[in-house]
Amino acid sequence: METKDEQVRFDDMPERIRALPKDHRGYPVPYFVAWPNGKPDHRIMDRAKLWPAMEKKLCWICGQKLGAYLAFPVGPMCVLNRNISEPPSHLECARFAVKACPFLAIPAKARRDKNLPPDIEAPAGIGLKRNPGITAIWICKEYQSSLLPNGLLFQLGEPIGAEWYYEGRPASREEVETWIESGLPSLLAIAKTDGPVALLALRQMLHIARGLLPAK
Ligand SMILES: [Zn+2]
């Protein structure tokens with residue numbers, strides 16, 4: 001994981017990221033990261049920080065106060081179902097996380113599930129377990145949260161805009177469309193089981209998402 005490429009990407013850290021503690025490799029440790037046995041594990045989200053982040057309106061990545069704009073780094077399917085298991089960040093912090101490491105912003109994703117401590121639970125909601133490849137930064141001014149039996153789930157507010165990345169670099173419209181199309185059958189299957197209202201909602205989400213795609 002410690003490639004030359006990653007070192008280069010860490011060079012242009014925003015001020016707020018620079019203020020974070022560092023791990024033994026010198027990598028910044030985001031606010032959300034858990035410290036089991038006094039050592040940070042970037043793959044694990046510390047659920048105890050969810051409530052303070054929400055209540056005090058803190059950035060999930062740098063832990064500092066949020067402004068009016070809320071940024072959510074999300075996988076392409078979250079753009080359609082609008083559900084995410086983590087609260088928002090500064091746009092600047094989200095951009096850094098997505099560029100520095102697509103998995104920094106979305107812990108415990110498929111690629112690094114190996115060797116996780118056994119007490120790690122799956123995030124709340126229905127996660128479609130596939131390596132995202134494409135990451136979007138959803139930008140909005142508000143969000144909702146709901147308490148599910150296995151944790152908190154957040155719903156993205158009406159979008160002001162979105163930025164799209166493919167493994168850290170800006171994604172093309174074609175790349176995003178391909179990813180959405182490939183994930184659509186599983187979302188359609190879930191919506192069909194849930195009934196016509198869910199299907200209608202999915203169609204509407206799809207329409208909105210298409211309006212947020214990178215320009216042709
Ligand atoms: Zn921040």
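What you see is a predicted model; the values in this text were computed from it and never measured. One-based numbering, in listed order, for ligands and for the atoms of each.
- Looking at Arg82, its side chain never comes within 3.5 Å of a backbone N or O of Gln155 through a donor-acceptor pair.
- Take Leu206 and apply the side chain to side chain contact (heavy atoms under 4.5 Å, CB included) test, not counting sequence neighbours, and it matches Leu80, Ile180, Leu184, Arg210.
- Under the 6.0 Å distance and 45° angle rule, Lys49 counts as a cation-pi partner of Tyr31.
- Around the Zn ion (ligand 1), protein N, O or S atoms at a distance under 2.8 Å total 4; waters are neither shown nor counted.
- Applying the side-chain hydrogen bond (donor to acceptor under 3.5 Å, both in side chains) criterion to Asp194, with sequence neighbours excluded, gives no partner residue.
- At a threshold of 4.5 Å between non-hydrogen side-chain atoms, the residues Phe96 and Ile17 count as touching.
- The stretch residues 70-94 participates, sequence neighbours left out, in these ring-ring contact (aromatic ring centres under 6.0 Å, His included) pairs: Phe72-Tyr143.
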